[in-house]
Amino acid sequence: GAVVSQHPSWVICKSGTSVKIECRSLDFQATTMFWYRQFPKQSLMLMATSNEGSKATYEQGVEKDKFLINHASLTLSTLTVTSAHPEDSSFYICSAGRQGPKTEQFFGPGTRLTVL
Amino acid sequence: GQNIDQPTEMTATEGAIVQINCTYQTSGFNGLFWYQQHAGEAPTFLSYNVLDGLEEKGRFSSFLSRSKGYSYLLLKELQMKDSASYLCGARTTAGNKLTFGGGTRVLVKP
């Protein structure tokens, strides 16, 4: 299967700071990547669709100015949590898929963010 | 909008069979996915259905009925390592977005 990486795997930051999370497709190109958030013992909540070369599409209720997404190349998307607060502490997971009708989404290993 | 429902938790005995049901209501349906997720790890792909019927892959099988908005994941010959959360996800044609239900935690007991 395809490989998707995320960096960092975990991060602890102070309230008010910004945190950038990278998502990379290592062996394929992805024009679209997806960002999810997962709270403990809950399912994945889709936050936004990251589109290479254009603006991200955010799901209802997700603040675009809070969660900045940049998809500058076909293998890299970044999510920046701006002015992080303790309620932003969560597991952030990205996914990407190859082109094609049966394409499955491959998930990155996730980034655990803890805001103090 | 989309609505995907699956049971919160199920318990089964090692060696037994468990069926996880999933109902969905989504516009522009374009495929039903099942993923397995162990605690603290990323989800891993299990199966994909876009046409009605049963897809079998080893100990795991998945079924889809588009007219009923219904799918199930069947796990046979349960092993302790199958204890995990199982996520039902529906994909839409608009943007190829994959949206998940709440997940079903399966606990396999000896």
Side-chain angles (χ1 to χ4, degrees), chain A residues 1-7 9-10 21 23-24 30-52 54-62 71 90-114, chain B residues 1-10 20 22 24 26-51 55 57 60 62 64 73 83-107:
Chain A
V3 179
V4 176
S5 71
Q6 277 184 246
H7 178 80
S9 55
W10 59 270
I21 303 170
C23 175
R24 294 181 186 273
T31 55
T32 303
M33 293 183 177
F34 300 92
W35 286 97
Y36 294 84
R37 180 167 57 182
Q38 186 174 37
F39 292 108
K41 296 187 178 181
Q42 295 186 25
S43 189
L44 299 170
M45 186 197 80
L46 180 64
M47 298 176 66
T49 303
S50 175
N51 303 299
E52 188 268 334
S54 64
K55 291 182 180 180
T57 307
Y58 290 82
E59 295 300 300
Q60 192 172 9
V62 178
H71 195 148
S90 187
F91 194 48
Y92 292 87
I93 307 178
C94 70
S95 72
R98 288 196 183 94
Q99 298 302 309
K102 197 179 176 179
T103 182
E104 64 186 84
Q105 290 293 316
F106 297 94
F107 285 86
T111 298
R112 184 156 307 279
L113 169 64
T114 302
Chain B
Q2 298 187 64
N3 191 28
I4 302 169
D5 289 314
Q6 53 182 128
T8 306
E9 196 168 289
M10 301 181 75
I20 306 171
C22 172
Y24 64 90
T26 184
S27 54
F29 176 76
N30 189 29
L32 195 291
F33 290 77
W34 284 96
Y35 282 80
Q36 179 192 61
Q37 186 181 26
H38 286 98
E41 299 180 11
T44 54
F45 171 79
L46 290 179
S47 70
Y48 166 81
N49 297 68
V50 68
L51 300 177
E55 294 277 344
K57 192 185 293 184
F60 294 175
S62 58
L64 176 68
L73 178 70
S83 292
S85 287
Y86 292 85
L87 309 177
C88 171
R91 188 173 66 182
T92 59
T93 51
N96 267 336
K97 293 192 299 185
L98 185 56
T99 305
F100 290 95
T104 299
R105 292 181 65 199
V106 172
L107 176 62

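Everything quoted here is computed from the prediction, not taken from an experiment. Throughout, protein chains are lettered first and strands after them, A, B, ... in sequence-line order, and every chain is numbered starting at 1.
Across every non-hydrogen atom of Leu46(A) and Thr99(B), the tightest pair is CD2-OG1, 4.3 Å. Heavy atoms only, all atoms of each residue included: Leu44(A) and Phe100(B) are closest at CD1-CE1, 3.7 Å. Shown here for Pro109(A) and Ala42(B), the closest heavy-atom pair between the two residues is CA-CB, 3.8 Å.
Annotation: side chain of Thr32(A) is not in contact with side chain of Asn96(B) (no heavy-atom distance under 4.5 Å). Between Arg91(B) and Gln105(A), every side-chain heavy-atom pair lies at or beyond the 4.5 Å cut-off. In this structure, the side chains of Pro43(B) and Ile93(A) come closer than 4.5 Å at one or more pairs of heavy atoms.
Among residues two or more places apart in sequence or in another chain, the salt bridge (charged side-chain N to carboxylate O under 4.0 Å, His left out) test is passed with Arg105(B) by Glu9(B). Considering only residues two or more places apart in sequence or on other chains, Glu52(A) meets the salt bridge (charged side-chain N to carboxylate O under 4.0 Å, His left out) condition with none of them.
Options Lys41(A), Gln38(A), Gln6(A) differ in how many heavy-atom pairs under 4.5 Å they form with chain B, and the most are formed by Gln38(A).
Looking at Gln60(A), there are no atoms closer than 4.5 Å to chain B (heavy atoms on both sides), in backbone or side chain. Interface remark: Glu59(A) contributes side-chain atoms only to the contact with chain B (heavy atom separation under 4.5 Å). In this structure, the portions of Leu98(B) lying under 4.5 Å from any heavy atom of chain A include both its backbone and its side chain.
In His38(B), the NE2 atom is crowded: over 12 heavy atoms of neighbouring residues, nucleotides or ligands sit closer than 6.0 Å.
The aromatic rings of Phe107(A) and Tyr35(B) lie perpendicular to each other, with more than 60° between the two planes, well past the 30° mark.
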